[in-house]
Asks: 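Before anything else, here's the structure in question.
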Amino acid sequence: MINLELPQKLEATRTLLRQFSRDGLRPLSRKYDLAEQKEMPEELYELAKLLRARPDRGSGAQPAGGDGGNRNGNNLGMVVSSAELCWGDVGLFLALPSIGLGNAAVSAVASEEQKAEWGELFAAMAITEPAAGSDSAAIRTTAVLEGDEWVLNGEKIFVTDGYRSKQVVVWASLDPSLGKAAIKSFLVPKGTPGMTVTRVEHKLGIRASDTAQIVLDNCRVPRANLLGNPEIAATAEARRKAFGGVMQTFDNTRPMVAAQAVGLARAALDLTEELLAGQGIELDFTKSYHQMSAVENDLYDMEAEYETARLLVLKAAWMADNRQPNSKNASMSKAKAGRMGNQVALKCVEICGQLGYSKAQLLEKFARDSKIIDIYEGTQQIQQLIVARQVLGKSSSELK
Ligand SMILES: Cc1cc2nc3c(=O)[nH]c(=O)nc-3n(C[C@H](O)[C@H](O)[C@H](O)COP(=O)(O)OP(=O)(O)OC[C@H]3O[C@@H](n4cnc5c(N)ncnc54)[C@H](O)[C@@H]3O)c2cc1C
């Protein structure tokens, strides 16, 4: 039986995080958008403590069984939480200590001893390089085993939280001649000699969050800091699957990034309706199509687009929780939600006219923040390419 309602426990999480977003994040939005990286959002450390201490924590995870083995686990909990926190502010959400993109990669493989040794987890994810953006298999950073240590060399750019995070998950190749199968990820704690943050970017949106360039110059980490399986597959077929190992991180992280767009779009729609009401424009969603105003028509359209993206995101996360192959769904959710968030935020600016464009309101900021969600963790075009490959049964070399 199909049930599109959120489980009760997640509804409780949603309500709590909406309150946290409204009372904790929103009042800081403009301050840190204007301050960009000149000021650290210090208040976030206190807010993060509140988040960690909240009574519903962990309620997203339910054991398999009961409803035919149906499981609402960490992925579903994370997309619902991400959307609610991004309803508050995407930039501040990204800057929250303990919510790093690299966290998912570390949590999946690290032992309890490693987690204790590495300390509180706030891990950035460093894949992109000057010559490797959409084509992440083209990375040139290398990792060479010397004794009991990996020696990392290379340059990473546009690393979200690269400056403030406590650890960086670095993608590097064990042997560039073996292609993508030799790519592995490594945990590099901040302060490790040889890893330097060399630049922090100035950006269109998500200005509260830092985006850094990182150079690795003979940076040594213990052998155990390679996350996952250190072996390089022996046969060509096995090597093709082996890259899946690192890429599978995306099956979990893409729905979470897509959820950011869902939260942002909801915020833009809610604020637009509030501003219209303030201008005496009451929306009546019971009117028939022929009686509807142009604005109502636009809002109907946007609500439908929003709901489509939201359901795609929930499905992709639910599939991950239930160990169903979800690469296609993860990419669908990211492509749809990224585009939807961007279109909705810009349309809301348009509908609200001067109030939409002025810094007196947050709509113009939502519009600026929305574009990055359509870009990072794989652009919309790349997600569509992945979906097309899966639908047509083509490999990455057959459909580029
Ligand atoms: C603010 C910000 C934060 C970021 N955070 C991180 C992070 O935390 N970690 C990290 O590793 N990276 C991060 N990135 C990098 C981001 O993931 C890349 O920018 C993205 O993957 C695109 O790569 P690129 O910029 O090199 O563009 P390119 O790959 O050069 O692409 C340029 C354009 O061409 C299109 N294109 C490329 N190939 C194809 C194709 N085959 N078919 C159709 N269209 C194509 C793309 O969609 C895009 O529109 C961040 C980027 C920004 C701007």
Side-chain angles (χ1 to χ4, degrees), residues 75 78-79 101 104-105 108 125-129 131-141 158 169 171-185 228-229 232-262 305 308-343 371-400:
N75 286 281
M78 282 300 293
V79 296
L101 258 188
M125 179 79 112
I127 304 167
T128 306
E129 299 179 1
S134 293
D135 184 8
S136 40
I139 61 166
R140 292 178 188 164
T141 296
F158 282 93
V169 172
W171 282 32
S173 173
L174 302 195
D175 182 348
S177 72
L178 290 179
K180 53 194 187 179
I183 295 173
K184 304 284 173 186
S185 56
N229 182 1
I232 304 174
T235 65
E237 173 60 13
R239 280 205 279 275
R240 196 181 58 74
K241 286 193 183 138
F243 189 56
V246 222
M247 294 297 266
Q248 269 158 16
T249 318
F250 290 141
D251 297 344
N252 288 0
T253 53
R254 281 178 175 155
M256 285 179 207
V257 174
Q260 296 173 11
V262 170
E305 290 291 298
T308 314
R310 191 180 76 89
L311 292 174
L312 280 171
V313 171
L314 292 178
K315 182 172 179 188
W318 179 89
M319 289 175 79
D321 281 338
N322 287 279
R323 297 191 178 84
Q324 295 181 10
N326 76 333
S327 294
K328 182 179 77 184
N329 304 73
S331 287
M332 276 181 174
S333 73
K334 172 71 171 61
K336 177 71 188 177
R339 185 167 59 232
M340 180 280 302
N342 203 212
Q343 286 173 345
K371 189 59 204 172
I372 190 57
I373 309 172
D374 200 27
I375 296 175
Y376 61 15
E377 211 61 9
T379 64
Q380 182 187 148
Q381 295 75 20
I382 294 302
Q383 306 303 338
Q384 289 179 169
L385 189 59
I386 294 168
V387 173
R389 279 182 197 140
Q390 300 243 357
V391 170
L392 300 171
K394 304 267 185 204
S395 68
S396 51
S397 53
E398 288 167 329
L399 193 59
K400 292 184 183 175

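Remember, it's a predicted structure, so these values are computed and weren't measured experimentally. In this chain, numbering begins with 1 at the start of the sequence shown.
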Asks: How about Val257 and Ile373: do any of their side-chain heavy atoms sit closer than 4.5 Å?
Replies: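 In contact.
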Asks: If you round to the nearest 0.5 Å, how far is CG of Leu385 from OG of Ser331?
Replies: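 Going from OG on Ser331 over to CG on Leu385, the span is 9.5 Å.
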Asks: Minimum heavy-atom separation for Ser136 and Ile183, please, with both atom names.
Replies: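 Looking at all heavy atoms of both residues, the closest pair is O-CD1, 4.0 Å.
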Asks: Taking all non-hydrogen atoms of both residues into account, name the closest pair between Met332 and Leu312 and its distance.
Replies: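 Nearest heavy atoms, Met332 then Leu312: O-CD1, 4.2 Å.
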Asks: Can you see which heavy atom on Ala337 is nearest to which on Ala258, and at what distance?
Replies: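 So the minimum-distance heavy-atom pair works out to CB-O, 3.5 Å.
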Asks: Considering all heavy atoms of both residues, which atom of Ser327 and which atom of Gln390 are nearest to each other, and what is their separation?
Replies: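 What the structure gives for the nearest pair is CB-NE2, 3.4 Å.
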Asks: Distance check, rounded to the nearest 0.5 Å: Phe158 atom CZ versus Ile372 atom CD1?
Replies: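 Taking CZ in Phe158 and CD1 in Ile372, the distance rounds to 8.0 Å.
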Asks: Report yes if some heavy atom in the side chain of Thr308 is under 4.5 Å from a heavy atom in the side chain of Met340; otherwise report no.
Replies: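 Side-chain contact under 4.5 Å: no.
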Asks: Judged by atom type as modelled, is there a donor-acceptor pair below 3.5 Å linking the side chain of Asn326 to the main-chain atoms of Asp251?
Replies: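 Between the backbone of Asp251 and the side chain of Asn326 there is a qualifying donor-acceptor contact (under 3.5 Å).
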Asks: If you round to the nearest 0.5 Å, how far is CD1 of Ile139 from CH2 of Trp171?
Replies: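 With rounding to 0.5 Å, CH2 (Trp171) is 7.5 Å from CD1 (Ile139).
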Asks: Any side-chain heavy-atom pair from Leu392 and Glu398 closer than 4.5 angstrom?
Replies: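 They are not in contact (no side-chain heavy atoms under 4.5 Å apart), so the answer is no.
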Asks: Are the side chains of Phe250 and Ile386 in contact, using a 4.5 Å heavy-atom criterion?
Replies: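 A side-chain contact is absent here, since even the closest heavy-atom pair is not under 4.5 Å.
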Asks: Pick one: which of Gln384, Gln383, Glu305 meets side chain to side chain contact (heavy atoms under 4.5 Å, CB included) with Arg339?
Replies: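 Only match with Arg339 under side chain to side chain contact (heavy atoms under 4.5 Å, CB included): Gln384.
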Asks: Considering non-hydrogen atoms only, spot the tightest contact between Asp175 and Ala182 and give its length.
Replies: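 Result for this residue pair: O-CB, 3.5 Å.
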Asks: Lys315 versus Leu311: any side-chain heavy-atom pair under 4.5 Å?
Replies: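 With C-beta onward as the side chain, the pair stays apart.
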Asks: Can you tell me how far the CG atom of Asp135 sits from the NZ atom of Lys180, to the nearest 0.5 Å?
Replies: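 One finds 8.5 Å between CG of Asp135 and NZ of Lys180.
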Asks: Is there a donor-acceptor pair under 3.5 Å between the side chain of Glu129 and the backbone N or O of Thr141?
Replies: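 Checking the backbone N and O of Thr141 against the side chain of Glu129, a donor-acceptor pair under 3.5 Å is found.
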Asks: May I ask you to test the Asn75-Asn252 pair for a side-chain heavy-atom distance under 4.5 Å?
Replies: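 Result yes, sub-4.5 Å side-chain heavy-atom pair found.
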Asks: When you compare the side chain of Gln260 with that of Glu377, does any pair of heavy atoms fall below 4.5 Å?
Replies: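 In short, these two side chains do not touch, never coming nearer than 4.5 Å.
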Asks: What I'd like to find out is whether the side chain of Arg140 reaches to under 4.5 Å of the side chain of Pro176, using heavy atoms alone.
Replies: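 SC-SC contact between Arg140 and Pro176 ruled out.
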Asks: Tell me the closest heavy-atom pair linking Arg389 and Leu399, and the distance in Å.
Replies: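 Smallest interatomic distance, heavy atoms only, reads NE-O, 2.8 Å.
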Asks: Checking Lys334 side chain against Gly378 main chain: does a donor-acceptor pair fall under 3.5 Å?
Replies: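 A pair under 3.5 Å: yes.
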Asks: How long is the gap from CD1 on Ile375 to CD1 on Ile382, to the nearest 0.5 Å?
Replies: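 Atom-to-atom, Ile375:CD1 and Ile382:CD1 are 12.5 Å apart.
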